[in-house]
Amino acid sequence: MKPVLFVTNHVAPHRVGALADLAERVPLELVTFGGRARHGATPVAHGRPISERDVFGLASSGRHSGVICGTAGRLALPSAYLGARRA
C-alpha cells in the first residue's frame, strides 16, 4: 500500500500523538517545511524537512495514495494540489 503524503509547516508538541496514531492506521510520509512557530508552540523535530518548492515534485511523484496539506506557507498548498493532480 502506498503511503499518504502529509505536508505541514511544523509539528507542535500537542499534535505528535495524533500523528503517531494516524501513522499506526495508515502508512504515512510526514514532511515539514520551514515556518515560524506560532501560538507559543515550539516545533518538534518530527517528519522529514523539505522546502516548499520541493512539495510539487514529491506530490507529483506517484509514490503516494493521497496528499494532505495544511494551509500554511505560500507555495506548499498550491504545489501539493497541483502535484497531486498531476500524479
Side-chain angles (χ1 to χ4, degrees):
M1 179 192 264
K2 293 180 180 181
V4 172
L5 177 63
F6 195 106
V7 182
T8 186
N9 64 330
H10 73 273
V11 177
H14 67 276
R15 292 195 175 131
V16 172
L19 288 170
D21 287 347
L22 180 60
E24 287 179 8
R25 292 169 174 77
V26 177
L28 190 66
E29 181 178 358
L30 175 65
V31 296
T32 59
F33 58 90
R36 292 186 316 210
R38 296 190 178 174
H39 310 293
T42 303
V44 175
H46 201 71
R48 180 170 59 94
I50 189 172
S51 76
E52 282 190 82
R53 294 189 184 279
D54 292 334
V55 171
F56 175 81
L58 191 57
S60 66
S61 69
R63 297 190 324 242
H64 304 95
S65 60
V67 178
I68 300 169
C69 184
T71 58
R74 294 181 183 209
L75 300 174
L77 182 58
S79 295
Y81 170 77
L82 293 172
R85 294 264 314 171
R86 180 176 223 183

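None of these values were measured; they are calculated from a predicted model. Position 1 is the first residue of the sequence, and the numbers go up from there.
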With clusters defined by side-chain heavy atoms of hydrophobic residues (ILVMFWY) lying less than 4.5 Å apart, directly or transitively, does F33 cluster with L58? yes
Is there any side-chain hydrogen bond (donor to acceptor under 3.5 Å, both in side chains) pair reaching into residues 55-78, and which pairs are they, with sequence neighbours excluded? E29-H64
Tell me, please, which residues at least two apart from P78 pass side chain to side chain contact (heavy atoms under 4.5 Å, CB included). none
Taking all atoms of both residues into account, what is the closest heavy-atom pair of E52 and L75, and its distance? OE1-N, 2.8 Å
Do T32 and H10 have side-chain heavy atoms sitting under 4.5 Å apart? no
Any side-chain heavy atom of V11 within less than 4.5 Å of one from L30? yes
Pair I68-V4, side chain to side chain contact (heavy atoms under 4.5 Å, CB included): steps then yes or no: CA-CA 7 Å; I68 300 169; V4 172; 3.8 Å; yes
Check A80 against A59 and note the closest heavy-atom contact, atom names and distance. O-CB, 3.8 Å
Sorted by first residue and then second, give each side-chain hydrogen bond (donor to acceptor under 3.5 Å, both in side chains) pair with at least one member in residues 76-85; sequence neighbours left out. none
Interatomic spacing from CG in L28 to CG in D21 - rounded to 0.5 Å: 11.5 Å
Hphob cluster co-occupancy, V16 + L22, side-chain heavy atoms under 4.5 angstrom: yes
Transitively linked via ILVMFWY side-chain contacts under 4.5 Å: I50 with V67? yes
Restricting to non-hydrogen atoms, name the atom on L19 and the atom on F6 that form the minimum distance, rounded to 0.1 Å. CD2-CZ, 3.9 Å
